[in-house]
Amino acid sequence: MNILVPTVPPALRITSRMWEDFLTDPVLAAWVIFGVKLDAFQAARLRYFWWTSLVEDSSGVGSGKTIVDFLFINLRNILIPDHEAAVFYPSLGTGIQSFWDYYSQFAQAESAKIFRAQIGNPLKLEPGEEIDGDGTVHSSECYTCYFRNGNKLRMPAPSIALNSVRAASMSVNTLIIEEWAQIDAMSDAIDKQLIDRCRRASWNQYHPIWGNHLVLTAHAQTRLHPAAPRHNAHARRVRAGDPGVACLSYSYKDFSNLESDARGKSFREHRRNDVSINAKRASVNKADWLGQGFGVWGISGVGWISEDHILSGIASGLDRCVLPVLSRAQWEELQASAAKN
């Protein structure tokens, strides 16, 4: 596909010296290219994303995960040559409202002129596609952002119920899976299709920046949640000292009293919304709030039998080579398999 490459004024170009500085400090790049000043913990989160090939972010609600996701994946496309990326949400509508809306915001922001200068529109659109006012291409199947350097960022309709079969032919260098815990609870899409998409050839697959990156974001759950085995596997790799894996967990309480803008407001005053957070906290039980609010993978507080007893029963069954059935869906799957045999 041909890409329209408009003339960029010298003041909006990324020079070779800027490129070197931005590549080693994404927080500086976010400030110069997007005009976004990050709080201390958000800056740490972006640097973890930037230097680590596999990151699981289990942070709670209201901790600013999505804006860092947006900055990270767009900076990768702007600064790394021959690069393609993708973002997956459980539904395309959720992705449009949570992630893609930032393109509209930055299209109007006076501080993001350098960013807008990096976006290029395709000369030839596919059937059903149209260029929106934010400079990106929209269709019912996929939202796409083309960059002047030839790179591309896509957010396709996920087809989670079908284990994301629409993603079968996609190959990318950077992949973000948002609300991955919810996807794990709905299907096997992550294992069957999504993780395999992060396989496009890179300059150096072992380099912390040039290599491919996978980011999984969702607030923490309880240890009985279907997503817990994946989290446990990541945590074991971190404890073993694997430098290519990180497990992050921040909360709304991490917003600091550092000055966030020219008006003198702190990040705590500007970004932390205690009214909505307290309303959310009052509507869930203590165990769920540990995950949703504070990003802690805790013990489930729901049910007549304690989680420790359930886990003990599962371990006992496995010792006897008995497969534990933990859900109705699993029982129905076993019944269907037995009927075929």
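In this text, all values refer to a predicted model and were calculated from it rather than measured experimentally.
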* Determine yes or no for a side-chain-to-main-chain donor-acceptor pair under 3.5 angstrom, with S59 supplying the side chain and Y250 the backbone. => yes
* Asked: Is the backbone of D191 close enough, under 3.5 Å, to the side chain of D188 for a donor and an acceptor to pair up by distance?
  -> no
* Asked: Any chain of hydrophobic side-chain contacts (each under 4.5 Å) joining F41 to F294?
  -> no
* F72 backbone acceptor or donor facing W50 side chain under 3.5 Å -> no
* To do: Using the side-chain hydrogen bond (donor to acceptor under 3.5 Å, both in side chains) rule, take N74 and Y103 through it: C-alpha gap first, then chi angles, then the decisive distance, then the call.
  => CA-CA 10 Å; N74 278 280; Y103 284 107; 2.7 Å; yes
* Can any side-chain N or O of N151 pair as donor or acceptor with the backbone N or O of I80 at less than 3.5 Å? -> yes
* Does F115 have its ring centroid less than 6.0 Å away from the ring centroid of F34? -> yes
* Hey, do the aromatic rings of F106 and F70 have their centres closer than 6.0 Å? -> yes
* side chain to side chain contact (heavy atoms under 4.5 Å, CB included) assessment of Q118 paired with N77 -> CA-CA 10 Å; Q118 309 309 311; N77 277 282; over 6 Å; no
* To do: Look at the rings of F99 and Y89 and say which category their plane angle falls in: under 30° parallel, 30 to 60° tilted, over 60° perpendicular.
  => tilted
* Asked: Would you call R271 and D39 a salt bridge, taking side-chain N to carboxylate O under 4.0 Å as the test?
  -> no
* Hey, does the side chain of N173 reach the backbone of E84 with a donor-acceptor pair shorter than 3.5 angstrom? -> yes
* side-chain contact (heavy atoms from CB on, under 4.5 Å) involving I277 - partner list, sequence neighbours excluded -> Y252, W289
* Structure fact -> Scanning both residues in full, the closest heavy-atom pair of H83 with R76 reads CE1-NH2, 3.5 Å
* To do: State plainly whether one hydrophobic cluster holds both V238 and V296, where clusters connect Ile, Leu, Val, Met, Phe, Trp and Tyr through side-chain heavy atoms under 4.5 angstrom apart.
  => no
* Asked: Honestly curious: do L216 and V61 fall in one hydrophobic cluster under the side-chain, below-4.5 Å linking rule?
  -> no
* What do the steps show when you test Y143 against V137 for side chain to side chain contact (heavy atoms under 4.5 Å, CB included), and what is the final call? -> CA-CA 6 Å; Y143 276 45; V137 176; over 6 Å; no
* Just by distance, do the side chain of R200 and the backbone of A85 share a donor-acceptor pair under 3.5 Å? -> no
* Asked: Given the rule that I, L, V, M, F, W and Y join up when any side-chain heavy atoms are under 4.5 Å apart, are F22 and I67 in one cluster?
  -> yes
* Would a distance-only check, ignoring hydrogens and angles, find a side-chain to backbone donor-acceptor pair under 3.5 Å from T24 to E20? -> yes
* To do: May I ask you to check whether over 12 heavy atoms, not counting those of K37, lie within 6.0 Å of atom NZ?
  => yes
* Kindly determine whether L214 and I177 satisfy side chain to side chain contact (heavy atoms under 4.5 Å, CB included), including the steps that lead there. => CA-CA 8 Å; L214 172 63; I177 304 177; 4.2 Å; yes
* Asked: Are side-chain heavy atoms of F88 and M155 found at a separation under 4.5 Å?
  -> no
* Go through E56 and W180 one step at a time and tell me if the side chain to side chain contact (heavy atoms under 4.5 Å, CB included) criterion holds. => CA-CA 9 Å; E56 177 196 317; W180 68 271; 3.8 Å; yes
* To do: Check whether I73 and I96 end up in the same hydrophobic cluster, where Ile, Leu, Val, Met, Phe, Trp and Tyr are linked by side-chain heavy atoms less than 4.5 Å apart.
  => yes
* Check: L71 and Y102 side chains under 4.5 Å, non-hydrogen atoms -> no
Under 3.5 Å, which donor-acceptor pairs link side chains of residues 242-249 to any protein atom two or more places apart or in another chain?
unit_1: D242; atom_1: OD1; unit_2: G244; atom_2: N; d: 2.9
unit_1: D242; atom_1: OD2; unit_2: R237; atom_2: NE; d: 3.2
unit_1: D242; atom_1: OD2; unit_2: R237; atom_2: NH2; d: 2.9
unit_1: S249; atom_1: OG; unit_2: G295; atom_2: O; d: 2.5

